[in-house]
Q: 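Got a structure here, written out as structure tokens. Questions coming.
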Amino acid sequence: MASFEQSVAYFKEGKFEEALISIDSCISVDNSNAEYYFFRARVFTRLGKFDRALEDFDYLTSLEPYNPSYISDRAVVLHLMQQNEEAAIEFDRALNLEPGNPYRYSSRAYFKDRIGDLQGAIEDYTKAIELDPEDAVAYNNRGLVEEKLGYKEMAQRSFKKADDLVGYTPKENVKPSNDDQPKKKAVFSMPKQENPAKYVSLNSYMDTFKKIFTDKSTWNEFIDFISSGLKSKKS
């Protein structure tokens, strides 16, 4: 018998079709469990089935119109569908519902970066940092946007702060050789996810659920599925 834990396991292994079959079975048994729909929406997103993901998020927001997590994830799907005006409204709504949550600013900053509002992205990352001064991811991502705008010194300061926070120390005074690896280059990292415990039930399976969507290494994959999703949209 399919279980939520099995669906999550498939998801972690990159077996998204299997994850979908499993979570569909869960919903057939308990079609009133909002968390199942929330998870399925994310599976649909990874599969590039944005219309289906949007249907699930529409259903969830009809149940909880002021749930910022549902609204923010719905905004991501709208962005992937290239409905950026509506996506911007939804990112703003999620942030207005949780103005003290740094993740809301980091999420909107990432969106602004992608649509070309680089100055707006820097402002949002800066606000996220004000709310969470130890967010190395926000510093790193702000540095990448600053680089795009040609603010090299500012970018280096942001990168250095990110390195300091994670304990990374670049090698200095080492003569390069042909065998040396290329210099470490900053890469985009998914903004730290908010703790979803405020919005989800306390059923026993939620420990697994929270890990899959709050683990930093898992969220770093977010950029990959956005890229693959856009390719799916074009094909």
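Quick note: numbers below take in every heavy atom, side chains included, and nothing from hydrogens, waters or symmetry partners.
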Q: Taking side chain to side chain contact (heavy atoms under 4.5 Å, CB included) as the test, write out the residues that go with Leu118, two or more places apart.
A: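 Here the qualifying residues are Asp113, Val145, Lys148, Leu149.
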Q: List the residues meeting salt bridge (charged side-chain N to carboxylate O under 4.0 Å, His left out) with Glu130, not counting sequence neighbours, and say none if there are none.
A: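 Glu130 satisfies salt bridge (charged side-chain N to carboxylate O under 4.0 Å, His left out) with Lys127 only.
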Q: Residues in ring-ring contact (aromatic ring centres under 6.0 Å, His included) with Phe111, at least two apart?
A: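 ring-ring contact (aromatic ring centres under 6.0 Å, His included) check on Phe111 returns His79, Phe91.
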Q: With sequence neighbours excluded, what pairs up with Asp30 under the side-chain hydrogen bond (donor to acceptor under 3.5 Å, both in side chains) test?
A: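 side-chain hydrogen bond (donor to acceptor under 3.5 Å, both in side chains) list for Asp30, sorted by chain: Ser32.
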Q: Using the test side-chain hydrogen bond (donor to acceptor under 3.5 Å, both in side chains), find all partners of Asn96 that sit at least two apart in sequence or belong to another chain.
A: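 side-chain hydrogen bond (donor to acceptor under 3.5 Å, both in side chains) list for Asn96, sorted by chain: empty.
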Q: Just one of Glu146, Arg142, Arg108 clears the side-chain contact (heavy atoms from CB on, under 4.5 Å) bar with Tyr125, so which one?
A: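 The option that passes is Arg142.
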Q: With clusters built from Ile, Leu, Val, Met, Phe, Trp and Tyr whose side-chain heavy atoms come within less than 4.5 Å, directly or transitively, what are the remaining members of the cluster of Leu95, listed by chain and number?
A: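 So far as hydrophobic clustering goes, Leu95 is joined with Tyr105, Leu131.
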Q: Scan residues 74-83 for pairs that pass salt bridge (Lys or Arg N to Asp or Glu O under 4.0 Å), counting only residues two or more places apart or in two chains.
A: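 The answer is Asp58-Arg74, Arg74-Glu86, Arg74-Glu90.
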Q: Could you pull out all residues at least two apart from Arg40 that satisfy side chain to side chain contact (heavy atoms under 4.5 Å, CB included)?
A: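 Side chain to side chain contact (heavy atoms under 4.5 Å, CB included) check on Arg40 returns Leu20, Ile23, Asp24, Ile27, Tyr37, Phe44, Asp56.
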Q: Do Ser72 side-chain atoms and Pro68 backbone N/O form a donor-acceptor pair below 3.5 Å?
A: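 Not confirmed, Ser72 side chain does not pair with Pro68 backbone.
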Q: Is the positively charged end of Arg46 above the ring of Phe11, judged by distance under 6.0 angstrom from the centroid and angle within 45° of the axis?
A: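 The answer is yes, since Arg46 meets both limits relative to Phe11.
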Q: Excluding sequence neighbours, so at least two apart, what forms salt bridge (charged side-chain N to carboxylate O under 4.0 Å, His left out) with Lys49?
A: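 With neighbours one apart ignored, the set is empty.
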Q: Not counting sequence neighbours, which residues clear side chain to side chain contact (heavy atoms under 4.5 Å, CB included) with Glu18? List them please.
A: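 For Glu18, the residues satisfying side chain to side chain contact (heavy atoms under 4.5 Å, CB included) (neighbours in sequence not counted) are Tyr10, Lys15.
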Q: Check whether more than 12 heavy atoms from other residues, nucleotides or ligands sit under 6.0 Å from atom CD of Glu13, and answer yes or no.
A: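 Yes.
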Q: List the residues meeting salt bridge (charged side-chain N to carboxylate O under 4.0 Å, His left out) with Lys112, not counting sequence neighbours, and say none if there are none.
A: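 Only Asp124 meet the salt bridge (charged side-chain N to carboxylate O under 4.0 Å, His left out) criterion with Lys112.
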Q: Apply salt bridge (charged side-chain N to carboxylate O under 4.0 Å, His left out) to Glu153 and list each qualifying residue two or more places apart in sequence or on a separate chain.
A: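 Salt bridge (charged side-chain N to carboxylate O under 4.0 Å, His left out) list for Glu153, sorted by chain: empty.
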Q: Quick one: does Ser22's side chain have a donor or acceptor within less than 3.5 Å of a partner on Ser3's backbone?
A: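 Yes, the answer is positive, given that a donor and an acceptor are paired below the 3.5 Å cut-off.
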